[in-house]
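Notes to accompany the following structure.
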There are 2 protein chains.
Amino acid sequence: MTAPQTPQVNSRQAALSQDASSKERLRLWLRMLRVTRQVEAALREKLRTEYDSTLPRFDVMAALLQAPNGLKMNELSKRLRVSNGNVTGIIDRLVEDGSVERIAIEGDRRATRVRLTPAGRDAFTLMAEAHEHWVNDLFEGVTAEDAHHIGELLHRLPTHTGAPS
Amino acid sequence: MTAPQTPQVNSRQAALSQDASSKERLRLWLRMLRVTRQVEAALREKLRTEYDSTLPRFDVMAALLQAPNGLKMNELSKRLRVSNGNVTGIIDRLVEDGSVERIAIEGDRRATRVRLTPAGRDAFTLMAEAHEHWVNDLFEGVTAEDAHHIGELLHRLPTHTGAPS
DNA sequence: TATAAAAAGTTTAAGCTTGAAATATATTCC
DNA sequence: GGAATATATTTCAAGCTTAAACTTTTTATA
């Protein structure tokens, strides 16, 4: 009891509030995870039953819609932030059902360009519209203002954990 | 040009603001998805390289830690909101490496109880502590207040899309 | 110009996930 | 008691995902 107390108390308080922040952040993360999984499950189910499709296919097609001239496999996997082996498989299946085509790139026989077929574009347009409705319904309880607000706050969350944006 | 215009204009305005909300909600959803995936990827990487484990294993062990007497497969899959076939596989692997044990339930030979072994409990304790640190680091830019605030807002988001909480 | 290094994609092995079918046991009810 | 139904779990087929190994082609460089 004769030792100087201030530094000890300070560091203890620091440790405590550090711990409290940590717990609060952990809670936030678990909540985000729960909500995200729930929404993903609902969307997956909808895509499956109503369009016989999947979320990964939807993501790929959404990326391809933005690039009428197609994308190289490389660009696609970077844009979606998934492994290139992953993209290979998804594209294989999209080619199989006629939504996507692989196009040779003249001047580089290693690379392939990949783009939506007209049928793929049509199919995706329908799905995308439905998708927006589903999301709108799922987020029914959130006003546009709240959505905007949460979105802004989310901006401070980790977006670039090493990977480029 | 001679038809009454007011109702038409009203409905057009309604459609427009409906559309704006819808777009705002879609943006929110995409942002949530992006952040969540980024954090999940970082945590998965950490669990893999530092503990030779995975997120699903972590989730299962976390659920089991709360139930010292173990849980039935059924309860586990309900609690984690994943299919029971899924849980079977994860538990198989956890049993294989000695973290979990299956226990017969007397009086019902259909069901099994599943619980952490002492080794599993120890291993999980270490991982859980590291996990909290990782999350804390990933969410570094978020103050405890912001975390709390976002968490509150997230509460209004879909939590019960049919499934029990 | 040979050879090494880099780049683009695919393949592979392992694990996660689902929905549906199958198996085994328990319960209900006639 | 025995048939029908319900419950608990596993198995299966298909698809997603990753990291690592591999193949092919291009580019750099000695």
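In this text the structure is predicted, and so the values were computed from the model without any measurement. Letters go in sequence order (proteins before strands), and every chain restarts at 1.
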Task: Residue pairs involving residues 56-82 of chain A (criterion ring pair (Phe, Tyr, Trp, His ring centres under 6.0 Å); sequence neighbours excluded) - done: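 Sorted pair list: A:Phe58-A:Phe124, A:Phe58-A:His131.
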TODO: Hey, could you give me each pair passing ring pair (Phe, Tyr, Trp, His ring centres under 6.0 Å) that has a residue in residues 86-113 of chain B? Not counting sequence neighbours.
DONE: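 For residues 86-113 of chain B, and leaving out neighbouring residues, there are no ring pair (Phe, Tyr, Trp, His ring centres under 6.0 Å) pairs at all.
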Open item on the list: Across nucleotides 1-9 of chain C, 5' to 3', mark each nucleotide with B, S or - according to how protein heavy atoms within less than 4.0 Å reach it.
Closed with: ------BSB
Whole-Å gap separating [atom2] ([N]) and [atom1] ([X]):
X: A:Asp52; N: C:dG19; atom1: CG; atom2: P; result: 14 Å
X: A:Asp92; N: D:dA14; atom1: CG; atom2: P; result: 16 Å
X: B:Glu106; N: C:dT25; atom1: CD; atom2: P; result: 17 Å
X: A:Ile91; N: C:dT11; atom1: CD1; atom2: C1'; result: 17 Å
X: B:Gln38; N: D:dT18; atom1: CD; atom2: C1'; result: 16 Å
X: A:Glu96; N: D:dA14; atom1: CD; atom2: P; result: 11 Å
X: A:Arg81; N: D:dT17; atom1: CZ; atom2: P; result: 15 Å
X: B:Leu76; N: D:dA8; atom1: CG; atom2: P; result: 14 Å

Open item on the list: Any base atoms under 4.0 Å from A:Val82, or only sugar-phosphate, or nothing? Heavy atoms, all strands.
Closed with: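 Sugar-phosphate contact only - A:Val82 comes under 4.0 Å of backbone atoms but never of a base.
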Are side-chain heavy atoms of [X] and [Y] found at a separation under 4.5 Å?
X: B:Asn136; Y: A:Leu26; answer: no
X: A:Met127; Y: A:Leu47; answer: yes
X: B:Val60; Y: B:Ile91; answer: yes

TODO: Between A:Gly107 and A:Val87, name the one whose nearest nucleotide on DNA chain D is closer to the 5' end.
DONE: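 This one resolves to A:Val87.
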Task: Note: B:Lys23-A:Glu132 ion pair, threshold 4.0 Å (strictly below) - done: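 Salt bridge: yes.
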Open item on the list: What I want to find out is whether A:Glu40 reaches B:Arg37 closely enough, with some N-O distance under 4.0 Å, to be called a salt bridge.
Closed with: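 Yes, this pair counts.
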TODO: Could you tell me which residues satisfy side-chain contact (heavy atoms from CB on, under 4.5 Å) with B:Asn84, sequence neighbours excluded, listed by chain and number?
DONE: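 Applying side-chain contact (heavy atoms from CB on, under 4.5 Å) to B:Asn84 gives B:Ser77.
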Distance-only criterion, 3.5 Å: show the donor-acceptor pairs between side-chain atoms of residues 97-108 of chain A and protein atoms not counting sequence neighbours.
| from | atom 1 | to | atom 2 | distance (Å) |
| --- | --- | --- | --- | --- |
| A:Asp97 | OD1 | A:Ser99 | N | 3.4 |
| A:Asp97 | OD1 | A:Ser99 | OG | 2.7 |
| A:Glu101 | OE2 | A:Arg115 | NE | 3.0 |
| A:Glu101 | OE2 | A:Arg115 | NH2 | 3.4 |
| A:Arg102 | NH1 | A:Asp92 | OD1 | 3.2 |
| A:Arg102 | NH2 | A:Asp92 | OD1 | 2.9 |
| A:Asp108 | OD1 | A:Arg110 | N | 3.0 |
| A:Asp108 | OD1 | A:Arg110 | NE | 3.1 |
| A:Asp108 | OD2 | A:Arg110 | NH2 | 3.0 |

Protein N or O to nucleotides 13-16 of chain C N or O, pairs below 3.5 Å:
| from | atom 1 | to | atom 2 | distance (Å) |
| --- | --- | --- | --- | --- |
| C:dC16 | OP1 | B:Thr54 | OG1 | 3.0 |
| C:dC16 | OP1 | B:Arg57 | NH1 | 3.0 |
| C:dC16 | OP2 | B:Arg93 | NE | 2.2 |
| C:dC16 | OP2 | B:Arg93 | NH2 | 2.2 |

Open item on the list: Quick check: on DNA chain C, is the nucleotide nearest A:Glu45 upstream (toward 5') of the one nearest A:Gly85, or the reverse? Name the residue that is more 5'.
Closed with: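 The 5'-side residue here is A:Gly85.
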